[in-house]
> 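This is the structure, below, for whatever I ask next.
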Amino acid sequence: MDDSTKTLAQPGGPRIDIFCRVVDNFGDIGVCWRLARSLHQEWPAQVRLWVDDLTVFRRLAPAVQPENTQQEVDGIQIVHWTDTPTSHIPAEVVIEAFACDPPSEYIDAMPGRTKLWLNLEYLSAEPWTAGFHAQPSPQRNGVSKYFFFPGFSGDTGGLIREADLSERRRSWMHSPTKKKQFLQRIGLPQAQAHLDADTLFISLFCYASAPYRSLLHALRKSLKPVVLLVPQSVLPQLERDAVTQLHGAVAIPDTGMGGAVANRPDSDLASAPLPGVTLLRIPFLPQDEYDQLLWLCDLNFVRGEDSFIRAIWARKPFLWQIYEQSDDIHLKKLQAWLALFPGHEETKAMMRSWNSPSRHAYFTNQLTTLLNNPRQLDSWRRSCRTFAENLSKNKTLSESIRIFYEKAVNSG
Ligand code: TRH
């Protein structure tokens, strides 16, 4: 047995190889890392994760060492996937994320070893995905590859949701100490005081195309003080635009903390009084801590695929910016999801306008109305909770994969 197979060959569930190419952003590795850990902890399976970009991976899993070709983090074997031909022995379950094509020599070695080969597809709420879910596609090596669609209905593969997530969230939410420690850890001890005040905490994770100026305009009209938490590297021009667009209505304090970005304040801005908006930069957080940010905030702006799902599980109001695709395909996908979401039409229209460059003024008005109307805000909160509760009844993605594997093995 060579080094590459030694650690995987332990008692327990099957060996699983997950292949991940980082195409852009954080979603590819975000989904794969979460799935790897969930399969390992819940099945439990021996998981090996192949990733072509360890530097991006490290952003959400700081224990990852980009210079190591092989390493173990959280019980997962991580292989730096390069062009060098591999002699690794294929696992019983092979999960190829988003049609990323495992190495050809690996594919050639799969027959007789691999019992299940899945292509994990991108998430979509469109009804057609259920018809394609779990359909086989014969491959040249003689092993069938199955389309596996995550999704919102019981006839898809479901969503990633760790078995202990709900309990972890609940205990965290009930602990003021944990919230304060969290703010301390992310370099924002000064924001702790806002926790006890009637302040709206908002997190902002979006693409450069988001109508963020309309957001700033809405926040400035908020009757309650707002703390806006923005990860480093998201909208680098935000502070500058806040100054020029909003004429000093946004406070950008110098946090003076090593971890967070310390924005040098314009001298006028530093003294801008609350109520108003305090814009604070935060570090890009490890995945588990990003969950805590979503739990902490009263409103979360999320994007792509994985942060969107985490915002759903956080059970807090959120606005989703969908990943843009050519020919406005993404708007159809957004519409498909909105058809499932139990929120009011106003909330859905606001979600559409956050994704439509031409409807910025509408977005400002809608968000302002929602933020300043406790009843509407509460109703939005309730619809998010209901949606999450209903979705929690479905099988999770890891459960669906396990059940599908067991059927495949039992049917020979
Ligand atoms: O980064 P994204 O825009 O990724 C996108 C989408 O997945 C899109 O569908 C896909 O086609 C494209 O990538 C290639 O957004 P997403 O999906 O939310 O992924 C972000 C990940 O980063 C998610 O796992 C959460 C994580 N994250 C942290 O761990 N810490 C942080 O501080 C933040 C802001 C995010």
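Read the numbers this way: they start at 1 and go in the same order the structure lists the ligands and their atoms. What you see is a predicted model; the values in this text were computed from it and never measured.
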> Please verify the inter-ring angle class for Phe147 with Phe149; under 30° counts as parallel, over 60° as perpendicular, anything in between as tilted.
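If you compare the ring of Phe147 with that of Phe149, the planes turn out tilted.
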> Relative to the heavy atoms of Pro231, which atoms of ligand 1 are at a distance of less than 4.0 Å?
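With Pro231 as reference, the close atoms of ligand 1 come out as 34 (C).
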> Of the listed options (Phe26, Tyr290, Tyr122), which comes nearest to atom 20 (C) of ligand 1 when hydrogens are ignored and any heavy atom counts?
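The option holding the nearest heavy atom is Phe26.
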> List ligand 1 atoms under 4.0 Å from Asp28, heavy atoms only on the residue side.
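Those atoms are 14 (C).
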> What residue and atom, counting heavy atoms only, is the protein's closest point to atom 32 (O) of ligand 1, and at what distance?
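I find the closest protein heavy atom is Leu285 N, 2.8 Å.
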> Could you verify whether a donor N or O on one side chain and an acceptor N or O on the other, from Asp24 and Tyr323, lie under 3.5 Å apart?
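Distance-only check passes for Asp24 and Tyr323.
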> State which residue, out of Val277, Leu219, Leu215, fulfils the side chain to side chain contact (heavy atoms under 4.5 Å, CB included) condition with Ile202.
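Per the side chain to side chain contact (heavy atoms under 4.5 Å, CB included) rule, the option paired with Ile202 is Leu219, out of Val277, Leu219, Leu215.
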> Should the pair Phe201 and His194 be assigned to parallel (<30°), tilted (30 to 60°) or perpendicular (>60°) ring geometry?
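Perpendicular, since the angle between the ring planes exceeds 60°.
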> Looking at Ile329, is its backbone amide N or carbonyl O close enough to the side chain of Asp327 to form a donor-acceptor pair, meaning the two atoms are under 3.5 Å apart?
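A pair under 3.5 Å: no.
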> Are any of the N/O atoms on Arg303, whether in the backbone or the side chain, positioned under 3.5 angstrom from an N/O atom of ligand 1?
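It does: an N or O of Arg303 is found under 3.5 Å from an N or O of ligand 1.
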> With a cut-off of 6.0 Å (strictly less than), are more than 12 heavy atoms of other residues, nucleotides or ligands near CG of Asp83?
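Not buried by this count: 12 neighbours or fewer within 6.0 Å.
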> Which atoms of ligand 1 are found less than 4.0 Å from any heavy atom of Asp24?
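Those atoms are 12 (C), 13 (O), 14 (C).
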> So if I count the atoms of ligand 1 from 1 in the order they appear, which ones are less than 4.0 Å from some heavy atom of Asp306?
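The atoms of ligand 1 under 4.0 Å from a heavy atom of Asp306 are 16 (P), 17 (O), 18 (O), 23 (C), 24 (O), 25 (C).
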> If you measure every N/O of Phe205 against every N/O of ligand 1, is any gap under 3.5 Å?
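No, Phe205 has no N/O under 3.5 Å of an N/O on ligand 1.
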> Would you indicate which of Phe284, Tyr323, Trp33 comes nearest to atom 35 (C) of ligand 1 when only heavy atoms are counted?
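Nearest heavy atom to atom 35 (C) of ligand 1 lies in Phe284.
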> Just go through Phe308, Tyr207, Trp320 and tell me whose heavy atom is the nearest to atom 3 (O) of ligand 1.
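Residue with the shortest heavy-atom distance to the ligand atom: Tyr207.
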> Considering only the protein, which heavy-atom contact is closest to atom 7 (O) of ligand 1, and what is its distance?
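That would be Gly27 CA, 3.2 Å.
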> In ligand 1, which numbered atoms sit nearer than 4.0 Å to a non-hydrogen atom of Gly304?
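Listed by number with element: 6 (C), 15 (O), 17 (O).
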> Look at atom NZ of Lys395 and say whether more than 12 heavy atoms of other residues, nucleotides or ligands are closer to it than 6.0 Å.
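Check fails, neighbour count at 12 or below.
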